[in-house]
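Worksheet: the structure to be examined is printed underneath.
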Amino acid sequence: MQFTYANPTRIEFGQGKIASIKDAIPADQKVLVIYGGGSIKRNGVYDQVKEALSGHTWVEFSGVEPNPRAETLDKAVALCKEQGIDFILAVGGGSVIDGSKYVAAAAKYDGAGWDIMERKHTVTDALPLGAILTLPATGSESNQGAVITRGETQDKLAFMSPAVQPKFAVMDPDVMKTLPENQVVNGLVDAWVHICEQYLTRPHAAKVQDGYAETLLRTLLSLANDFDKRDSDEWRANLMWTANQALNGLIGTGVPHDWATHMIGHELTALYGVDHGRSLAIIQPWLLRNQMEFKQAKLEQMGRNVFALEEGDDLAERTVQAIEKFYHSLNVKTQLEEYTGTREEAVNAVVEQLERHQMVQLGENQSITLDRSREILEKAVA
Ligand code: NZQ
Ligand code: ZN
């Protein structure tokens with residue numbers, strides 16, 4: 001184990017915490033509040049923000065779409081430059097927070113914002129930002145990552161930089177009350193796969209990371225089992241905290257990472273508009289089976305420690321089946337059913353996108369070549 005670990009995001013967790021932004025943003029800073037399609041106007045979050053910022057000078061930018069688009073975000077970048085914005089407050093789910101990270105970074109850069117996504121510009125400076133989370137799923141509220149789409153070319157790419165890590169994240173589980181059920185499910189599945197991407201690799205000696213990953217997985221499993229109790233403070237708070245812990249960096253320190261399910265899943269979203277969480281459930285079971293030669297030992301460990309399955313030669317396969325059962329229990333599909341053209345055309349289209357994005361050696365062993373991705377997609381596309 002060898003790593004550097006810092007998570008400098010201050011978390012304000014609990015009911016009524018939105019008011020805390022009043023003191024978290026310096027009073028002399030001009031604030032840009034960024035949000036999405038308007039859910040915050042319907043559930044009272046916008047009013048709480050307005051109240052908390054009554055002593056600040058602020059402007060707003062709305063309309064950040066799910067799977068945020070650079071074309072839209074570039075307008076917010078221009079606004080930051082015109083208005084001399086000092087601080088960005090993201091109010092929304094992963095899309096709004098990711099989009100705000102892009103805006104924060106691009107506002108400090110003279111070239112085209114998309115250069116960041118194409119690695120032509122390395123982000124070392126950004127406007128400071130804070131987040132009010134409204135949808136627990138991505139962990140974006142306290143991590144360094146952002147995933148941005150260019151609609152024109154159907155590119156969905158990620159960047160990471162310590163400069164865009166939020167200064168604070170407000171996590172009030174009450175905001176989840178207005179979430180549509182499908183978004184709650186998306187969040188559960190996304191958090192689940194984030195843990196798997198950092199856990200289902202190969203055996204290693206980092207017992208704390210493995211043990212905590214298993215605790216988080218068992219927690220999500222119990223929340224799925226108690227899905228009919230989701231309208232409770234306890235249920236909401238546990239999902240919100242678990243999804244945060246799944247991708248705040250901690251369980252990923254000093255261990256191998258996979259992320260191939262995410263990279264292939266992003267192409268399904270870019271091409272066919274599949275919700276992020278759902279794209280993962282379509283790819284992951286088939287990817288795990290395809291990579292069984294590498295992943296058997298960790299799948300067996302997960303079978304024992306997360307699902308409490310009996311020992312046996314087929315334990316790894318039974319673990320994959322238990323993961324599928326977990327998705328199906330939430331009415332999440334494990335095959336892509338909606339796409340354009342024939343099945344073969346859909347598989348080819350995804351493989352071509354992966355090639356164009358240099359996603360040609362994915363996974364903890366770089367063993368997922370385009371041929372392997374094709375094999376996975378042959379199973380994943382119905
Ligand atoms: O836009 P509004 O009106 O706010 O509606 C949103 C949106 O339509 C709605 N919503 C959010 N909070 C709500 C609510 N509706 C009612 N009540 C509330 N409290 O939910 C819809 C989906 O929101 P979105 O932000 O798109 O969802 P999510 O949080 O799942 O974010 C997905 C994005 O995050 C990226 C994904 O690729 C995708 O683009 N990811 C970011 C990661 C990161 N930064 O670390 C990691 C992830 O793996 C992921 O790739
Ligand atoms: Zn994800």
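Throughout, residue positions are numbered sequentially from 1 according to the sequence presented. Whatever order the structure lists them in is the order used to number ligands and atoms, beginning at 1.
Nearest protein neighbour of atom 47 (C) of ligand 1, counting heavy atoms only, is His194 NE2, 3.4 Å. Atom 38 (C) of ligand 1 has as its closest protein heavy atom Asn67 OD1, 3.4 Å. Protein heavy atom in closest approach to atom 7 (C) of ligand 1: Pro66 CG, 3.9 Å. The nearest protein atom to atom 12 (N) of ligand 1, hydrogens excluded, is given as Thr134 OG1, 2.8 Å; this is a heavy-atom distance. Looking only at heavy atoms of the protein, atom 28 (P) of ligand 1 is closest to Gly94 N, 3.7 Å. For atom 3 (O) of ligand 1, the closest non-hydrogen atom of the protein is Ser39 N, 2.9 Å. The nearest protein atom to atom 30 (O) of ligand 1, hydrogens excluded, is given as Ala137 CB, 3.9 Å; this is a heavy-atom distance. In terms of protein heavy-atom proximity, atom 49 (C) of ligand 1 is closest to His276 NE2, 3.3 Å.
Below 3.5 Å of separation, one finds an N or O of Val175 facing an N or O of ligand 1. Backbone and side-chain nitrogen or oxygen atoms of Ser95 are examined, and one is located within less than 3.5 angstrom of a nitrogen or oxygen of ligand 1. Residue Pro68 places no N or O, backbone or side chain, under 3.5 Å from any N or O of ligand 1. Polar contact with ligand 1: present for Gly37 (N/O pair, distance under 3.5 Å). For ligand 1, the polar-atom distance check finds an N/O of Gly145 within less than 3.5 Å of one of the ligand's N/O atoms. Ligand 1 has an N or O atom lying under 3.5 Å from an N or O atom of Asn143, backbone or side chain.
With salt bridges taken as basic N to acidic carboxylate O contacts below 4.0 Å, none links Lys22 and Glu51. With respect to Lys333 and Glu338, no salt bridge is recorded, no charged nitrogen being found less than 4.0 Å from a carboxylate O.
Among pairs with a residue in residues 202-221, those fulfilling salt bridge (Lys or Arg N to Asp or Glu O under 4.0 Å) read Asp210-Lys298, at least two apart in sequence or across chains. A salt bridge (Lys or Arg N to Asp or Glu O under 4.0 Å) check over residues 164-176, counting only residues at least two apart or in different chains, returns the pairs Asp174-Lys177.
Remark: the backbone N or O of Ile18 is not paired with any side-chain donor or acceptor of Glu12 at under 3.5 angstrom. Arg343 contributes a side-chain N or O that, together with a main-chain N or O of Val381, makes up a donor-acceptor pair within less than 3.5 Å. Checking side-chain atoms of Tyr102 against main-chain N and O of Trp114 turns up a donor-acceptor pair under 3.5 Å. For Lys30 (side chain) and Gln83 (main-chain N/O), a donor-acceptor pair under 3.5 Å exists by modelled atom type. His357 places no side-chain N or O within donor-acceptor distance of the main-chain N or O of Met359, the cut-off being under 3.5 Å. Looking at Gln245, its side chain never comes within 3.5 Å of a backbone N or O of Leu216 through a donor-acceptor pair. When atom types are taken as modelled, the side chain of Asn7 and the backbone of Asn248 share a donor-acceptor pair closer than 3.5 angstrom. Between the Lys295 side chain and the Leu200 main chain, a donor and an acceptor come within less than 3.5 Å of each other. Between the side chain of Thr334 and the backbone N or O of Ala281 there is no donor-acceptor pair closer than 3.5 Å. The main-chain N or O of Val255 is never found under 3.5 Å from a side-chain atom of Gln209 such that the two would form a donor-acceptor pair.
Checked by atom type, the side-chain pair Thr9/Glu141 shows no donor-acceptor distance below 3.5 Å.
Which parts of ligand 1 touch Gly36 is read off a 4.0 Å heavy-atom cut-off, strictly below it: atoms 1 (O). Listed by number with element, the atoms of ligand 1 under 4.0 Å from a non-hydrogen atom of Leu247 are 45 (O), 46 (C). Listed by number with element, the atoms of ligand 1 under 4.0 Å from a non-hydrogen atom of Thr178 are 16 (C), 17 (N), 18 (C), 19 (N). In summary, the atoms of ligand 1 found under 4.0 Å from a heavy atom of Gln183, numbered by their order in the structure, are 20 (O), 21 (C), 22 (C). For ligand 1, the atoms sitting less than 4.0 Å from at least one non-hydrogen atom of Val147 are 37 (O), 40 (N), 41 (C), 50 (O), numbered in the order shown with element in parentheses. Every atom of ligand 1 with a heavy atom of Asn43 under 4.0 Å away is listed here by number and element: 17 (N), 18 (C), 19 (N).
Applying the side-chain hydrogen bond (donor to acceptor under 3.5 Å, both in side chains) criterion to Thr319, with sequence neighbours excluded, gives no partner residue.
Within a 6.0 Å sphere centred on NZ of Lys325, heavy atoms belonging to other residues, nucleotides or ligands number 12 at most. At most 12 heavy atoms of other shown residues, nucleotides or ligands fall within 6.0 angstrom of atom CD in Glu355.
Ring geometry for His262 versus His266: interplanar angle over 60°, hence perpendicular rather than tilted (30 to 60°).
Contacts between Glu65 and ligand 1, counted as non-hydrogen atom pairs separated by less than 4.0 Å, are absent for every part of the residue.
Here the shortest heavy-atom distance to atom 44 (N) of ligand 1, taken over Thr138, Val91, Asp98, belongs to Asp98. The residue from Leu179, Val193, Leu135 that puts a heavy atom closest to atom 13 (C) of ligand 1 is Leu179. Nearest to atom 37 (O) of ligand 1 by heavy atom, out of His266, Lys177, Lys156, is Lys156.
Note on ligand 1: Gly38 sits in its first shell, one or more heavy atoms being nearer than 4.0 Å.
Around the Zn ion (ligand 2), the protein contributes the following N, O or S atoms at distances under 2.8 Å: Asp190 OD1, His194 NE2, His262 NE2, His276 NE2.
Less than 4.0 angstrom separates atom 9 (C) of ligand 1 from none of the non-hydrogen atoms of the protein.
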